[in-house]
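Have a look at the structure below before the remarks.
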Amino acid sequence: MDTAVSSIGARARTRRAILDAGTAVLAKNPTASLADVAAAAGVGRTTVHRYFSERSDLIAAIGVDVLDKIGAATERARPGDGPALTALERVCQEYFELGESLAIVFDESLAATWNWESWEEETEADRALARLVDRGREEGALDSRLDTDWVIQVVWSLLYVAWQRSRSGDTKHNALSLCLHTLRKSVGAAP
């Protein structure tokens, strides 16, 4: 039994290593092959093929993994705690730390191979962010003229710009600071 449990743990670690390597490699080079991912993961190409027979299978698995990471980041941000604008800033900080994972989602060259089915369903993270924005308008912290969908799209757009800025050589700290400053100015209620 210990051997079976150990084997399951080893498979889970290998799968995780492949997903993490795939995320890192594809974020830098969207045309990377499974061989490139295998090299980055420190496993053989046949090992990658045992877990993901096609490149599209790996990309689909990364998509599900990103959704899981967004869910965990949303929970860590505690969107229901404290003033809404402060909570929205925490959400942005947590999402910003997902960097490479979300960079893949925004890469147009991968969009053609991306499996969007799992992204079409509303997740608990989506609902939590929408509730936070609604609460922010009710509190008067967010501009009441901006609807929920607009604010959420602004958040994602700012995060995209911040990730691109940090990937282009700016420090993560400065990119995130600019993102949060712009967020406050763009969706915050006028004093």
Inset, instruction - Mind running salt bridge (Lys or Arg N to Asp or Glu O under 4.0 Å) on E139 and R135 for me, showing each step along the way? - result: CA-CA 6 Å; E139 289 177 5; R135 181 168 65 89; 2.7 Å; yes
Side chains of [X] and [Y]: is there a donor and an acceptor less than 3.5 Å apart?
X: S53; Y: D57; result: yes
X: T14; Y: R50; result: no
X: D36; Y: S33; result: yes
X: R165; Y: S168; result: no
X: T123; Y: D126; result: yes

Side-chain contact test, heavy atoms from C-beta onward, threshold under 4.5 Å: evaluate it for [X] versus [Y] and give yes or no.
X: K172; Y: E97; value: yes
X: T23; Y: K28; value: no
X: P30; Y: I104; value: no
X: L183; Y: C92; value: yes

Is a donor on one side and an acceptor on the other found under 3.5 Å between the side chain of [X] and the backbone of [Y]?
X: S157; Y: Q153; answer: yes
X: R167; Y: G99; answer: no
X: W163; Y: L102; answer: no
X: R90; Y: L85; answer: no

*Could you please spell out the steps behind the side-chain contact (heavy atoms from CB on, under 4.5 Å) verdict for V155 and V91?*
CA-CA 9 Å; V155 166; V91 168; 5.5 Å; no
Neighbour count >12 (heavy atoms, 6.0 Å) for atom CZ, R45:
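No - once you tally the heavy atoms of other residues, nucleotides and ligands closer than 6.0 Å, there are 12 at most.
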task = Might you confirm whether atom CD of E54 has over 12 heavy atoms from other residues, nucleotides or ligands at distances under 6.0 Å?
result =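 Not buried by this count: 12 neighbours or fewer within 6.0 Å.
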Q | Same cluster (ILVMFWY, side-chain, under 4.5 Å), L178 and V187 | A | no
Heavy-atom nearest pair, R137 first then D147, reads NH1-C, 3.7 Å
TODO: Begin from the C-alpha positions of D65 and R16 and carry the test salt bridge (Lys or Arg N to Asp or Glu O under 4.0 Å) through to its verdict.
DONE: CA-CA 10 Å; D65 189 51; R16 176 84 265 150; 2.7 Å; yes
Less than 4.0 angstrom from a charged side-chain N to a carboxylate O is my criterion; do E100 and K69 meet it?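 Answer for the salt bridge query: no.
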